[in-house]
Number of protein chains: 2
Amino acid sequence: MVVGSEPDNASESEDDRLDRAFAALADPIRRRMIARLSRGPASVTELAEPFRVSTQAVSKHIQVLEQAGLVTRTRDAQRRPVHLDAHALEELTAWIDTYRLIHEQQFRRLDGLLAALSTIPQEPNPRRRST
Amino acid sequence: MVVGSEPDNASESEDDRLDRAFAALADPIRRRMIARLSRGPASVTELAEPFRVSTQAVSKHIQVLEQAGLVTRTRDAQRRPVHLDAHALEELTAWIDTYRLIHEQQFRRLDGLLAALSTIPQEPNPRRRST
DNA sequence: CTCGTATTCAACCGAATGGTTGATCAAGGA
DNA sequence: TCCTTGATCAACCATTCGGTTGAATACGAG
């Protein structure tokens, strides 16, 4: 497994990380795990308790979250506590907000254009039009 | 897939919507489409142009985005322009930020605890127990 | 050392995903 | 009208995904 938590991994693209992170959150069990982990670390069996799936299935879910960079694991005797890594979550909101804001800005630009057209109907418009 | 194209589906849970929205963003082609659409609406062929996949594949991607509530479609002659719906994006950032902030708050609480412990260093040390 | 607990590995299964090609439908433009 | 363009439908294929059961590993307590 080539995945590390360090950002010096040149073979891992931003796209790959976003792929894995969004896919990891596209499952209700994994989202509930994230919700649980936001309150603090938990072991595999603790994370499995609210669900009626096997601990093996939960273990797989944790691996998905880990490869998405959303959680890390430590060691405590036989237990492998899982910790939320909020940094990956920030990356996701950053991506979404980028395009949310661009879209918002486009609307404002359109509003401005419409306002200008209605208040200055006589102004000549030297800009090219594609139609 | 039980879902129809109609938005009157009252049996659609928040979980279902988040499932579809996160899953829709877990694909680089669909993310690039969202990025494109943040600049304004586009037809299927326009959206297909940057990629070397068939327009049928792009049409499927658009259906995925539509069922996730991320885009809507209108009609313009033979074309079916696709429009970004930023509201679904807001829902995603809202979900993520909820747990990001809870996690942040937990850290602050821990900081306070550690500070208190260091100022009272002679406190007796009972055996640790989990949960 | 042996036993019990916590976790992972391995193999397997059914369903969903992302892609293809070929056919079909809808709407203009000549 | 006929033809072209834009898009979807349908069937198919390989891969991935989420789940299972059964075996194996790691660690601590007796």
Side-chain angles (χ1 to χ4, degrees), chain A residues 1 3 15-16 18-34 36-37 41-68 70-83 131, chain B residues 1-6 15-16 18-34 36-37 41-68 70-83 127-131:
Chain A
M1 203 161 295
V3 166
D15 254 20
D16 289 341
L18 289 175
D19 280 5
R20 281 197 281 267
F22 278 123
L25 294 183
D27 181 288
I29 290 188
R30 289 195 289 262
R31 281 200 305 279
R32 287 181 59 190
M33 286 180 175
I34 293 290
R36 163 64 185 83
L37 292 172
S43 70
V44 176
T45 41
E46 284 172 338
L47 284 173
E49 191 269 327
F51 310 105
R52 73 262 173 285
V53 298
S54 63
T55 57
Q56 290 97 319
V58 171
S59 188
K60 282 193 192 177
H61 279 302
I62 295 171
Q63 289 180 51
V64 170
L65 291 171
E66 188 179 31
Q67 297 201 355
L70 291 165
V71 304
T72 57
R73 284 144 122 181
T74 53
R75 201 154 233 300
D76 170 33
Q78 309 109 336
R79 263 151 254 119
R80 307 294 308 278
V82 183
H83 306 252
T131 50
Chain B
M1 201 165 290
V2 170
V3 161
S5 351
E6 309 308 59
D15 253 20
D16 288 341
L18 288 175
D19 280 5
R20 283 197 280 267
F22 278 123
L25 294 183
D27 182 289
I29 288 187
R30 288 195 290 261
R31 280 200 305 279
R32 286 182 60 189
M33 287 180 175
I34 292 290
R36 164 64 185 83
L37 291 172
S43 71
V44 176
T45 41
E46 284 171 339
L47 284 172
E49 191 269 325
F51 310 106
R52 71 245 180 299
V53 298
S54 61
T55 58
Q56 291 97 320
V58 170
S59 190
K60 283 192 190 179
H61 280 302
I62 294 171
Q63 290 181 51
V64 171
L65 291 171
E66 188 180 32
Q67 296 202 353
L70 290 165
V71 305
T72 57
R73 285 142 123 180
T74 54
R75 192 108 232 241
D76 171 31
Q78 311 109 337
R79 266 152 251 115
R80 281 132 193 87
V82 183
H83 306 254
R127 290 176 61 100
R128 38 164 76 235
R129 55 185 59 179
S130 49
T131 62

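Chain naming here is simple, since letters A, B, ... match the order of the sequence lines and numbering starts at 1 in each.
In this structure, the CG atom of D27(A) is 11 Å from the P atom of dC17(D), given to the nearest Å. Rounded to whole Å, atom P of dG6(D) lies 11 Å from atom CZ of R80(B). Taking atom CG of D16(B) as the reference point, atom C1' of dA16(C) lies 15 Å away to the nearest angstrom. Rounded to whole Å, atom C1' of dT8(D) lies 15 Å from atom CG of L47(B). The distance between atom CG of L25(A) and atom P of dG18(D), rounded to the nearest whole Å, is 12 Å. Taking atom CD of residue Q67(A) and atom P of nucleotide dT8(C), one finds them 13 Å apart after rounding to whole Å. Between M33(B) atom CE and dG18(C) atom P there is a gap of 11 Å when expressed in whole angstrom units. For R31(A) and dG18(D), the CZ to C1' distance is 15 Å, given to the nearest whole Å.
Among the heavy atoms of the strands lying under 4.0 Å from S54(B) is at least one base atom, whether or not backbone atoms are also near.
Atoms NZ and CD1, on K60(B) and I29(B) in that order, are 12.5 Å from each other to the nearest 0.5 Å. Rounded to the nearest 0.5 angstrom, R80(B) CZ and R73(B) CZ are separated by 8.0 Å. For the atom pair OG1 of T45(A) and CD of Q78(A), the computed distance is 10.0 Å after rounding to the nearest 0.5 Å. Between the CD1 atom of I34(B) and the CG atom of L70(B) there is a distance of 5.0 Å, given to the nearest 0.5 Å.
A close approach under 4.0 Å does not occur between any side-chain nitrogen or oxygen of Q63(B) and OP1 or OP2 of dA7(D). Contact annotation: S59(A) side-chain N/O to dT8(C) OP1/OP2 distance is under 4.0 Å. The shortest distance between the side-chain N/O atoms of R73(A) and the OP1/OP2 oxygens of dA6(C) is not below 4.0 Å. The side chain of Q78(B) places no N or O atom within less than 4.0 Å of a non-bridging phosphate oxygen (OP1 or OP2) of dG29(C). OP1 or OP2 of dG18(D) has at least one side-chain nitrogen or oxygen of R30(A) nearer than 4.0 Å. Phosphate proximity of dG19(C) to H61(B): present, with a side-chain N or O under 4.0 Å from OP1 or OP2. Using a 4.0 Å cut-off, some side-chain N or O of R75(B) falls inside it from OP1 or OP2 of dA27(C). In this structure, T45(A) reaches the dT7(C) phosphate: one of its side-chain N or O atoms is under 4.0 Å from OP1 or OP2.
If E46(B) and K60(A) are placed on DNA chain D by their nearest nucleotide, the residue sitting closer to the 5' end is E46(B). Ranked by how close their nearest DNA chain C nucleotide is to the 5' end, V64(B) and Q56(B) are led by V64(B). Nearest-nucleotide positions on DNA chain D place I62(B) closer to the 5' end than the other of I62(B) and I29(A).
With dG28(C), dT8(C), dA6(C) as the candidates, the nucleotide lying closest to the side chain of R79(A) is dA6(C). Counting only heavy atoms from C-beta on, A57(B) has its side chain closest to dG19(C) among dA27(C), dC9(D), dG19(C).
Each of E66(B), Q56(B), R32(B), R30(B) was compared with H61(B) under the side-chain hydrogen bond (donor to acceptor under 3.5 Å, both in side chains) criterion, and only R30(B) meets it.
Scanning all heavy atoms of the two residues, the minimum distance from V71(A) to I62(A) falls at CG2-O, 4.1 Å.
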